[in-house]
Amino acid sequence: MTTGRALLLEGIHSDADAVLEAAGVSVTHETGALTTEALDEALDGVTVLGVRSKSRLSTDLLDRHPDLLAVGCFCIGTDQLDLRDAARRGLAVFNAPFSNTRSVAELTIAEIVALHRRLGDRSRELHEGVWRKTASGAHEVRGRTLGIVGYGHIGSQVSVLAEAFGMRVVFHDTAPKLALGNALPAASLTDLLSTSDVVSLHVPDAPSTRGLLGAAELARMKPGAMLINNARGKVVDLDALADAIRDGRLGGASVDVYPSEPKRNDDPFSTPLAGLPNVILTPHIGGSTEEAQAAIARDAAGKLARYLVEGSTRSSASVPEVDLPIPSPDRHRILHFHHNVPGVLGRMHTLLAEIDANITAEYLQSDPEVSYVILDVEADSISEISDRMRSIPETIRMRTLS
Ligand code: NAI
């Protein structure tokens, strides 16, 4: 049974197709982003839209396509549309925030080794025809201390991989975290900075993390220690980092993210770190691997498929999260978004009781404006139930699964 039509834009990895097709969804692809006019036309009859970072979905566009049930942002963020606006229209938005974790962790490990061996410098010299064979300033990573700031999805993977290389791992996180392997929590950020040979940052971008490593914090790092920032650009004061490297207080750095980044390839770019010794610069490619693209496709498509087939909004970026086990085949499932005001659930119960529909499962979640409820009912006919649920004035969107 077909449960809908999906339009996937911007060359979304084809691993998404099998997941959506298994849910009965027919899939069409476009290699690029579409202009608003072209998208307007293409969205006719589409129930699921998949986008990556280049598409923009305006309120007007969404107004013209009320049949669109869900949007999949096949990437880490959800900047393509206004999430509050999506919630208000009961439009479920899903993304794939953790599918490139492994890619970032692997790059970080590569950089830890590369910084310890000064690979960037040696490689650049040889490209310039300069043969400089030396052991000076080159170290094994075995036995050295890695300090991880932010022990979440990426930080904890880096921890496991670094220990496999024989490193000692300490970490600092503002939330309580289970230490993996032999890693140990540092007493404080200051303690971590003063004891680590290399510090790797894996915190989110937030008011509390902006400028987390400024001149004062960099001054607390061990002499000759190195810094890796594959997290977010505003976490480190790059001028202060450049000063510390130029003065020889720090031994090097690897940076993938910047306070301001070019929008397109080949746009101009500059950083105070350019040309400094033992500094590896990469253009925000930490999560950019083909494996991560495939993982993003499977993750986002899986969430969309579960929403279409079961009504599950687990890990939705826009609407309240509701998830109920699949009902037995003799039950009907009602999926109902409504304005979060008192009395709506009571009215639903009354309307169902009037036609002897027995509720067998129910789960409601609300945000300040919008509520989403899944109700499983035993009843002879779903059409009367649908009509009754739709008649509730606070209804935003409703569908049934049988
Ligand atoms: P996560 O949310 O799983 O982990 C972040 C951790 O940082 C959490 O455990 C949190 O409690 C902790 N934290 C928050 N504020 C802190 C503070 N002030 N001090 C210490 N710890 C703090 O996030 P995930 O997936 O591990 O990502 C980490 C960072 O990596 C994010 O900034 C993300 O944007 C970035 N990232 C970069 C990519 C790239 O291409 N370079 C790709 C993917 C993610």
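Indexing begins at 1, ligand by ligand and atom by atom, following the structure's order.
- Between Thr101 and ligand 1, no N or O atom pair is found at a separation short of 3.5 Å.
- There is no side-chain donor-acceptor pair under 3.5 Å between Ser58 and Asp60.
- Between Val149 and ligand 1, no N or O atom pair is found at a separation short of 3.5 Å.
- Nearest to atom 35 (C) of ligand 1 by heavy-atom distance, out of Ser99, Gly77, Ala231, is Ala231.
- Closest heavy-atom approach to atom 16 (C) of ligand 1 within the set Thr174, Val255, Leu107: this belongs to Thr174.
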What pairs of donor and acceptor atoms, side-chain ones from residues 42-54 against any protein atom, are under 3.5 angstrom apart with sequence neighbours left out?
unit_1	atom_1	unit_2	atom_2	d
Thr47	OG1	Arg5	N	2.8
Thr47	OG1	Arg5	O	3.0
Arg52	NH1	Glu10	O	3.3
Arg52	NH2	Gln293	OE1	3.3

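- Residue Arg168 places its CZ atom among 12 or fewer non-hydrogen atoms of other residues, nucleotides or ligands, all under 6.0 Å distant.
- Contact atoms of ligand 1 toward Lys177: 9 (O) (distance under 4.0 Å to a heavy atom of the residue).
- Taking the ring centre of Tyr363 as origin, the terminal cationic atom of Arg314 falls outside the region bounded by 6.0 Å and 45° from the ring axis.
- Considering each of Leu201, Ile154, Ile76, the one bringing a non-hydrogen atom nearest atom 44 (C) of ligand 1 is Ile154.
- For atom 7 (O) of ligand 1, the nearest non-hydrogen atom from the set Ser288, Pro204, Gly233 comes from Pro204.
- Numbered from 1 in the order shown, with element, the atoms of ligand 1 that lie under 4.0 Å from a heavy atom of His284 read 39 (C), 40 (O), 41 (N).
- Shown in contact with Arg232 at under 4.0 Å from a heavy atom are these atoms of ligand 1, numbered in order with element: 32 (O), 34 (O), 35 (C), 36 (N), 37 (C).
- Proximity of a side-chain donor or acceptor of Asp173 to a complementary backbone N or O of Gly150 within less than 3.5 Å is not detected.
- Below 4.0 Å from some heavy atom of Phe98 lie the following atoms of ligand 1, by number and element: 3 (O), 25 (O).
- Here Asn100 has side-chain heavy atoms under 4.0 Å from ligand 1, and that is the only part of it that gets that close.
- Nearest heavy-atom pair, Leu335 versus Tyr372, reported as atom, atom and distance to 0.1 Å: CD2-OH, 3.4 Å.
- A donor-acceptor pair is defined here as one N or O able to donate and one able to accept, closer than 3.5 Å; such a pair exists between the side chain of Thr209 and the backbone of Ala206.
- The shortest contact between atom 28 (C) of ligand 1 and any protein heavy atom is with His202 O, 3.3 Å.
- Ion pairing between a basic and an acidic side chain is recognised when a charged N comes within 4.0 Å of a carboxylate O; Arg89 and Asp63 show such pairing.
- The CE atom of Met221 sits 9.0 Å away from atom CG of Leu192, with the distance rounded to the nearest 0.5 Å.
- When only interatomic distances are considered, the shortest N/O to N/O separation between Pro97 and ligand 1 does not fall below 3.5 Å.
- Not a single N or O atom of Gly155, backbone or side chain, sits closer than 3.5 Å to an N or O atom of ligand 1.
- Contacts of Asp256 with ligand 1, taken as heavy-atom pairs under 4.0 Å, involve the side chain alone.
- Residues Cys75 and Ile296 come closest through the heavy atom pair N-CG2, 3.7 Å.
- Between the side chains of Asp197 and His139, no donor-acceptor pair is found at a separation under 3.5 Å.
- Only side-chain heavy atoms of Val104 come within less than 4.0 Å of ligand 1; its backbone N, CA, C and O stay farther off.
- Nearest protein heavy-atom neighbour of atom 8 (C) of ligand 1: Asp173 OD2, 3.5 Å.
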